[in-house]
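In what follows, a single structure is set out as structure tokens and then discussed.
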Amino acid sequence: MTLRSLGYRTDLLFPRFDGEVVDRGDYIVARTPTNPTFHWGNFLVFGGPPVMGDLDRWRTTFADEFKDSPEVKHIALGWDAPDGAMGETQQFLDAGFSLDESVVLSADRVHRPAKYCEEVEIRPLTQDWEWQAKVDSNVAGREPVYSEEGYRVFATRQGERQRAMVAAGLGQWFGAFIDGRLAGDLGLFVFDGLARFQSVGTHPDFRRRGVCGALVYETATLGLEQMGAKTLVMVADAHYHAARIYESVGFKPTEKQGALTWFQKGE
């Protein structure tokens with residue numbers, strides 16, 4: 001199956017590192033065995049948006065694909081529709097799924113944002129304590145539907161995977177430091193000129209100070225000037241303010257992306 005979606009095409013670059021991506025013809029399977037609770041490391045992408053009757057088919061297909069992975073207790077379903085078509089999603093919502101609407105943004109040049117934290121120091125993470133601070137920041141900024149214990153397991157596994165990708169020369173994980181504390185962080189990985197940002201986050205203690213804008217601008221500049229990036233790609237919640245921050249740096253909306261997820265809240 002040939003994907004048109006820039007968002008899903010770049011999503012699939014990551015499970016190829018330490019997992020697998022399997023093309024079934026009318027859908028694609030992504031698996032990340034090193035982190036089975038990672039929703040968007042273990043997911044399906046279908047060829048188009050859902051139609052009536054797809055609830056049972058898609059749910060059964062996911063269960064069949066992950067039947068040998070007992071730790072995969074969620075369901076994550078995407079579809080290839082760069083125009084943002086959502087299809088017949090109400091059947092899934094009635095069954096307890098959540099609809100995620102994202103905007104995919106891209107840029108081949110950036111500019112300094114109006115809101116820029118001057119006191120921040122931006123550098124790659126290199127030391128153990130910095131990587132641990134990244135995990136702690138991720139846990140502190142998690143959505144309340146996730147338990148601290150379960151999310152820490154997920155974030156720790158993600159940190160190990162991301163550190164391995166850095167060691168393999170695929171990109172860097174950058175931190176924004178203020179007075180020696182990790183105020184924000186993100187990853188930037190480059191594949192044949194296509195650079196995908198990962199997990200842009202600001203610690204709750206440092207929000208609304210221009211940390212995110214400064215971090216994205218400086219790392220995007222490094223990506224274009226030193227890391228071989230030709231096109232920068234960012235995916236953000238269509239209903240969250242982060243997309244406006246990225247636009248303030250020069251990113252422009254390229255496409256829309258839909259997804260459906262189900263998981264037991266509080267795990």
Side-chain angles (χ1 to χ4, degrees), residues 3-14 38-40 43 45 49 76-87 89 98-117 120 122 134 137-138 140-146 158 171 173-176 183-190 194-204 206-224 229-261:
L3 283 175
R4 298 168 294 155
S5 167
L6 180 61
Y8 280 123
R9 289 205 321 269
T10 51
D11 279 334
L12 291 171
L13 295 171
F14 296 91
F38 179 25
H39 294 181
W40 295 108
F43 63 99
V45 181
L77 308 167
W79 55 89
D80 189 29
D83 60 357
M86 293 293 116
T89 57
S98 296
L99 175 63
D100 303 321
E101 298 177 272
S102 299
V103 57
V104 181
L105 305 103
S106 62
D108 56 14
R109 60 177 62 86
V110 292
H111 55 75
R112 183 183 171 101
K115 190 171 184 179
Y116 183 102
C117 182
V120 75
I122 296 168
K134 167 198 168 326
S137 181
N138 293 165
R142 74 190 186 284
E143 295 181 21
V145 294
Y146 301 108
Q158 277 293 80
W173 207 273
F174 295 94
D185 67 275
L186 59 77
L188 182 60
F189 296 92
V190 183
L194 192 61
R196 175 66 187 266
F197 281 85
Q198 287 281 278
S199 304
V200 182
T202 305
H203 190 283
F206 295 95
R207 289 176 179 168
R208 299 180 179 84
R209 293 170 58 175
V211 171
C212 183
L215 182 59
V216 171
Y217 167 69
E218 296 295 346
T219 56
T221 300
L222 286 170
L224 292 167
K230 302 299 182 185
T231 301
L232 304 166
V233 181
M234 185 85 73
V235 179
D237 186 331
H239 305 293
Y240 189 57
H241 71 273
R244 295 193 297 274
I245 297 175
Y246 308 147
E247 290 185 63
S248 76
V249 177
F251 283 79
K252 298 186 183 303
T254 302
E255 60 187 44
K256 296 178 181 179
Q257 182 171 296
L260 289 156
T261 55

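Put simply, the side chain of Ile245 does not reach to within 4.5 Å of the side chain of Pro113, judged on heavy atoms. Using a 4.5 Å heavy-atom cutoff, the side chains of Tyr246 and Cys212 are in contact. With a 4.5 Å cut-off on side-chain heavy atoms, Met86 and Glu101 count as touching. Asn138 places a side-chain heavy atom less than 4.5 Å from the side chain of Asp185. Counting heavy atoms from C-beta on, the side chains of Gln198 and Phe14 come closer than 4.5 Å. Side-chain contact between Glu247 and Pro253 is present, with heavy atoms from C-beta onward closer than 4.5 Å. For the pair Phe251/Val110, a side-chain contact is recorded, criterion being any heavy-atom separation below 4.5 Å from C-beta on. Side-chain contact between Thr261 and Trp40 is present, with at least one heavy-atom pair separated by less than 4.5 Å.
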Go through the steps for Phe189 and Trp173 under the test side-chain contact (heavy atoms from CB on, under 4.5 Å), then give the verdict. CA-CA 9 Å; Phe189 296 92; Trp173 207 273; 3.8 Å; yes
Could you go through Met234 and Val200, starting from their C-alpha distance and side-chain angles, then the distance that decides it, and tell me whether this counts as side-chain contact (heavy atoms from CB on, under 4.5 Å)? CA-CA 9 Å; Met234 185 85 73; Val200 182; 3.8 Å; yes
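From Leu222, atom CG reaches atom CZ of Phe174 across 5.0 Å, with rounding to the nearest 0.5 Å. To the nearest 0.5 Å, atom CD of residue Gln158 and atom NZ of residue Lys134 are 7.0 Å apart. Atom OG of Ser102 and atom NZ of Lys256 lie 12.0 Å apart (nearest 0.5 Å). Atom CG in Asp80 sits 5.0 Å away from atom CG in Leu3 (nearest 0.5 Å). Atom CG of Leu232 sits about 4.5 Å away from atom CG of Leu224, to the nearest 0.5 Å. Here the OG1-CH2 distance, from Thr89 to Trp79, works out to 6.5 Å after rounding to the nearest 0.5 Å.
A search for side-chain contact (heavy atoms from CB on, under 4.5 Å) contacts involving Ala140 returns His203, Pro204, not counting sequence neighbours.
One N or O on the side chain of Arg207 and one on the backbone of Thr202 form a donor-acceptor pair closer than 3.5 Å.
The two residues Ala214 and Ile122 come nearest to each other via the heavy atoms O-CD1, 3.5 Å. Annotation for Gly175 and Leu215: closest pair C-CD1, 4.3 Å, computed over non-hydrogen atoms. Here the closest non-hydrogen pair linking Phe43 and Val45 is CE1-CG2, 3.4 Å. Here the closest non-hydrogen pair linking Ala195 and Leu188 is CB-CD1, 3.8 Å. In terms of heavy-atom proximity, Ala243 sits nearest to Leu105 at O-CD2, 4.1 Å.
A cation-pi arrangement is absent between Arg142 and Tyr146, since the terminal nitrogen or guanidinium carbon is not both under 6.0 Å from the aromatic centre and inside a 45° cone about the axis.
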Distance-only check: which donor-acceptor pairs under 3.5 Å involve side-chain atoms of residues 5-13, not counting sequence neighbours?
residue, atom, partner, partner atom, Å
Ser5, OG, Gly7, N, 3.3
Ser5, OG, Tyr8, N, 3.0
Ser5, OG, Glu255, OE2, 3.1
Tyr8, OH, Gly258, O, 2.7
Arg9, NH1, Arg4, O, 2.9
Thr10, OG1, Leu6, O, 2.9
Thr10, OG1, Gly7, O, 3.0
Thr10, OG1, Arg196, NH1, 2.7
Asp11, OD1, Arg196, NH1, 2.9
Asp11, OD1, Arg196, NH2, 3.0

